[in-house]
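All ligand and atom numbering here is 1-based and tracks the order in the structure. In what follows, every heavy atom counts, from backbone to side chain, and hydrogens, waters and symmetry copies are set aside. Everything numeric in this text was worked out from a predicted model, so none of it was measured.
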Amino acid sequence: MIDLQGDADPGDDPWVLVEDWLPADDDPDRPQAVLATVGTDGCPNARTVLVSAVDRSGFAVHTHRDSRKVAELAAVPRAAMVVTWPGFTRQLVVRGDVVADAADSAARVWSARSEHLRRLAWLNDDVLAGRDRAGRVAGWAADVPVQAGSAPAPSWTGFRVMPQELTFWAGGADTASRRLQYRRVGEGWTRRWLAG
Ligand SMILES: Cc1cc2nc3c(=O)[nH]c(=O)nc-3n(C[C@H](O)[C@H](O)[C@H](O)COP(=O)(O)O)c2cc1C
């Protein structure tokens with residue numbers, strides 16, 4: 001793990017740090033992030049999501065195509081994401097433009113999802129949410145294709161946050177926390193140290 005409280009040079013390429021800090025895409029234990037969008041009323045909005053995949057094309061999130069976040073991103077295709085680690089150790093803040101996830105990436109993410117998450121993608125709607133408990137349990141048992149090899153639910157969609165700025169925060173036990181911020185400039189990045 002690259003330690004931003006050490007003296008080793010973290011380098012000019014923030015993706016090296018991203019790959020070091022976040023699990024590989026085939027790790028089923030997906031990182032959680034708070035995803036912030038611009039609300040259609042101008043008020044920021046935020047919710048927790050799973051980071052379904054990460055590579056140099058961005059941070060992928062998958063969700064329901066009728067969700068509020070998707071409507072907000074259609075209106076303003078920019079977002080911020082915050083990933084935190086336990087124990088005041090690390091934080092990563094990503095800000096950037098949002099594009100649709102590629103179909104092949106979405107298919108890979110769907111096949112890696114647990115049956116529970118696939119079932120959610122098929123069944124988790126406001127009608128089910130409003131039913132009584134017995135109705136919600138009965139609705140959850142509906143026969144939907146969630147087995148390995150099944151096609152993604154039609155309501156399921158993905159997008160990628162393509163960073164213009166990545167800020168890595170490192171806590172410190174015997175010194176102050178500090179941040180390393182990378183900003184995209186053309187094809188490269190600038191970087192600077194900031195107070196935590
Ligand atoms: C730990 C956790 C992980 C979640 N992961 C996702 C996710 O990957 N995709 C998703 O659509 N919703 C996820 N949710 C639910 C969202 O937080 C949110 O309630 C839902 O997507 C509706 O958000 P919206 O109305 O702002 O679009 C997750 C919630 C929690 C608590």
Side-chain angles (χ1 to χ4, degrees), residues 18-19 21-55 57-131 133 135-137 139-140 142 144-148 150-163 166 169:
V18 170
E19 285 160 15
W21 280 26
L22 292 173
D25 287 356
D26 59 3
D27 186 334
D29 193 12
R30 302 311 309 156
Q32 296 174 19
V34 174
L35 173 78
T37 47
V38 179
T40 50
D41 56 0
C43 182
N45 201 1
R47 77 292 287 159
T48 309
V49 291
L50 299 177
V51 181
S52 7
V54 184
D55 63 27
S57 64
F59 293 69
V61 173
H62 288 81
T63 189
H64 198 290
R65 66 175 74 248
D66 295 336
S67 65
R68 191 172 173 183
K69 68 181 90 51
V70 168
E72 290 170 349
L73 289 170
V76 181
R78 310 186 83 187
M81 295 178 83
V82 183
V83 185
T84 46
W85 281 258
F88 299 97
T89 52
R90 282 179 289 153
Q91 171 185 251
L92 169 60
V93 182
V94 175
R95 301 173 69 231
D97 298 326
V98 172
V99 296
D101 193 29
D104 59 339
S105 161
R108 274 198 303 278
V109 169
W110 179 264
S111 65
R113 287 253 138 132
S114 65
E115 281 200 18
H116 180 89
L117 290 179
R118 290 189 206 137
R119 187 166 287 277
L120 268 179
W122 278 99
L123 298 173
N124 194 9
D125 62 19
D126 294 345
V127 174
L128 184 71
R131 292 170 71 179
R133 176 159 174 82
R136 282 183 285 117
V137 171
W140 184 250
V144 284
V146 292
Q147 300 77 11
S150 61
S155 62
W156 201 66
T157 190
F159 53 85
R160 280 194 186 243
V161 181
M162 302 188 308
L166 300 107
W169 179 97

Name all pairs fulfilling the side chain to side chain donor-acceptor pair (under 3.5 Å) condition that reach into residues 97-119, sequence neighbours left out, sorted by first residue then second.
H62-D101, R78-D97, D101-S105, D101-R160, S105-R160, W110-S150
Are there over 12 heavy-atom neighbours, none belonging to R65, within less than 6.0 Å of that residue's CZ?
yes
Which pairs of nitrogen or oxygen atoms, taken one from ligand 1 and one from the protein, are under 3.5 angstrom apart?
{"residue": "ligand 1", "atom": "5 (N)", "partner": "L50", "partner atom": "N", "Å": "3.3"}
{"residue": "ligand 1", "atom": "8 (O)", "partner": "L50", "partner atom": "N", "Å": "3.0"}
{"residue": "ligand 1", "atom": "9 (N)", "partner": "H62", "partner atom": "O", "Å": "2.9"}
{"residue": "ligand 1", "atom": "11 (O)", "partner": "T63", "partner atom": "OG1", "Å": "2.5"}
{"residue": "ligand 1", "atom": "11 (O)", "partner": "K69", "partner atom": "NZ", "Å": "3.4"}
{"residue": "ligand 1", "atom": "14 (N)", "partner": "T48", "partner atom": "O", "Å": "3.2"}
{"residue": "ligand 1", "atom": "17 (O)", "partner": "T48", "partner atom": "N", "Å": "3.4"}
{"residue": "ligand 1", "atom": "17 (O)", "partner": "T48", "partner atom": "O", "Å": "2.6"}
{"residue": "ligand 1", "atom": "21 (O)", "partner": "K69", "partner atom": "NZ", "Å": "2.6"}
{"residue": "ligand 1", "atom": "23 (O)", "partner": "K69", "partner atom": "NZ", "Å": "3.3"}
{"residue": "ligand 1", "atom": "26 (O)", "partner": "R47", "partner atom": "NE", "Å": "2.8"}
{"residue": "ligand 1", "atom": "26 (O)", "partner": "R47", "partner atom": "NH2", "Å": "2.9"}
{"residue": "ligand 1", "atom": "27 (O)", "partner": "R68", "partner atom": "N", "Å": "3.3"}
{"residue": "ligand 1", "atom": "27 (O)", "partner": "K69", "partner atom": "N", "Å": "2.9"}
{"residue": "ligand 1", "atom": "27 (O)", "partner": "K69", "partner atom": "NZ", "Å": "2.9"}

Does a side chain donor of either T37 or R47 reach within less than 3.5 Å of an acceptor in the other side chain?
yes
Would you say CG of D41 has more than 12 non-hydrogen atoms from neighbouring residues, nucleotides or ligands within 6.0 angstrom?
yes
Intermediate values then yes/no, side chain to side chain contact (heavy atoms under 4.5 Å, CB included), W85 and L92:
CA-CA 9 Å; W85 281 258; L92 169 60; 4.0 Å; yes
Can L50 and S52 be said to form a side chain to side chain contact (heavy atoms under 4.5 Å, CB included), step by step?
CA-CA 6 Å; L50 299 177; S52 7; 5.6 Å; no
